[in-house]
Amino acid sequence: MSVNTSKSLKAMTTSEIVLFPVASRAGDIDRSAAELERLHGADAVQYWKTECRRLASELESLGLPEAEVRHQVMVFQAEVQQALVLRSQSRAISQSRSGRALKR
């Protein structure tokens, strides 16, 4: 049995709180991607720094080691970047399809 599985089983039997990875914070990821699409320039930079610092502070307050906090913030950043790409692709496909419909 892996260490993570053992920890999860122990947590289930002792009512311990189990921290889920940042990547599972779909609402935060989607909200951040939407906000970054809306904001530009210095406003976008300020928003992004604030969000990443907020997440880091939250994870630190839960007792995660500094290295894990840094890792989780980097995972969050990658997930938001991927969400931005997917949103952009979705818009491009939608516009492409609507353009073709008008030409028919």
Side-chain angles (χ1 to χ4, degrees):
M1 185 178 317
S2 75
V3 174
N4 287 338
T5 303
S6 294
K7 288 171 79 174
S8 296
L9 290 174
K10 180 180 178 246
M12 286 186 244
T13 59
T14 61
S15 300
E16 259 181 71
I17 295 175
V18 178
L19 298 175
F20 291 94
V22 170
S24 67
R25 295 177 179 227
D28 290 339
I29 292 165
D30 191 52
R31 177 185 48 78
S32 293
E35 196 64 17
L36 287 169
E37 279 184 328
R38 188 182 71 75
L39 297 171
H40 300 281
D43 291 337
V45 171
Q46 182 59 43
Y47 170 81
W48 190 232
K49 285 180 179 180
T50 300
E51 280 300 298
C52 291
R53 287 180 185 139
R54 180 194 59 76
L55 176 60
S57 294
E58 181 182 330
L59 295 172
E60 286 170 353
S61 74
L62 294 171
L64 265 65
E66 184 180 334
E68 183 62 20
V69 169
R70 190 173 25 259
H71 172 73
Q72 290 296 319
V73 170
M74 291 180 77
V75 169
F76 177 71
Q77 291 174 343
E79 291 288 328
V80 171
Q81 182 65 36
Q82 183 172 355
L84 284 165
V85 168
L86 292 173
R87 292 167 76 93
S88 177
Q89 287 175 341
S90 178
R91 257 192 326 279
I93 290 169
S94 177
Q95 289 171 355
S96 173
R97 287 181 180 157
S98 66
R100 279 197 312 252
L102 294 174
K103 292 178 185 178
R104 288 184 186 170

Exercise. Are any side-chain N or O atoms of Ser90 and backbone N or O atoms of Leu86, one a donor and one an acceptor, separated by less than 3.5 Å?
Worked result: no
Exercise. If you group Ile, Leu, Val, Met, Phe, Trp and Tyr by side-chain heavy-atom gaps below 4.5 Å, do Leu84 and Val45 land in one group?
Worked result: no
For this session: Report the distance from atom SG of Cys52 to atom CE of Met74, rounding to the nearest 0.5 Å.
Result: 10.5 Å
Exercise. Minimum heavy-atom separation for Ser88 to Glu37, with atom names?
Worked result: N-OE2, 4.5 Å
For this session: Output, in order, the C-alpha distance, side-chain angles, deciding distance and verdict of side-chain contact (heavy atoms from CB on, under 4.5 Å) for Glu51 and Val80.
Result: CA-CA 11 Å; Glu51 280 300 298; Val80 171; over 6 Å; no
For this session: Please name the pair of heavy atoms, one in Ile29 and one in Ala83, separated by the smallest distance, quoted to 0.1 Å.
Result: CG2-CB, 3.9 Å
Exercise. Between Glu58 and Arg54, does at least one N-O distance fall below 4.0 Å, as a salt bridge requires?
Worked result: yes
Problem set entry | Under 3.5 Å donor-acceptor, Ser57 side chain and Arg53 backbone | yes
Problem set entry | Derivation and outcome, side-chain contact (heavy atoms from CB on, under 4.5 Å), residues Arg91 and Arg87 | CA-CA 6 Å; Arg91 257 192 326 279; Arg87 292 167 76 93; 4.2 Å; yes
Seminar exercise, completed: Of all heavy-atom pairs linking Trp48 and Ser32, the shortest is CZ3-CB, 4.2 Å
Problem set entry | Over all atoms of both residues, closest heavy-atom pair of Gln72 and Leu55 | O-CD2, 4.4 Å
Problem set entry | Spacing of Leu36 atom CG and Arg31 atom CZ [to the nearest 0.5 Å] | 10.0 Å
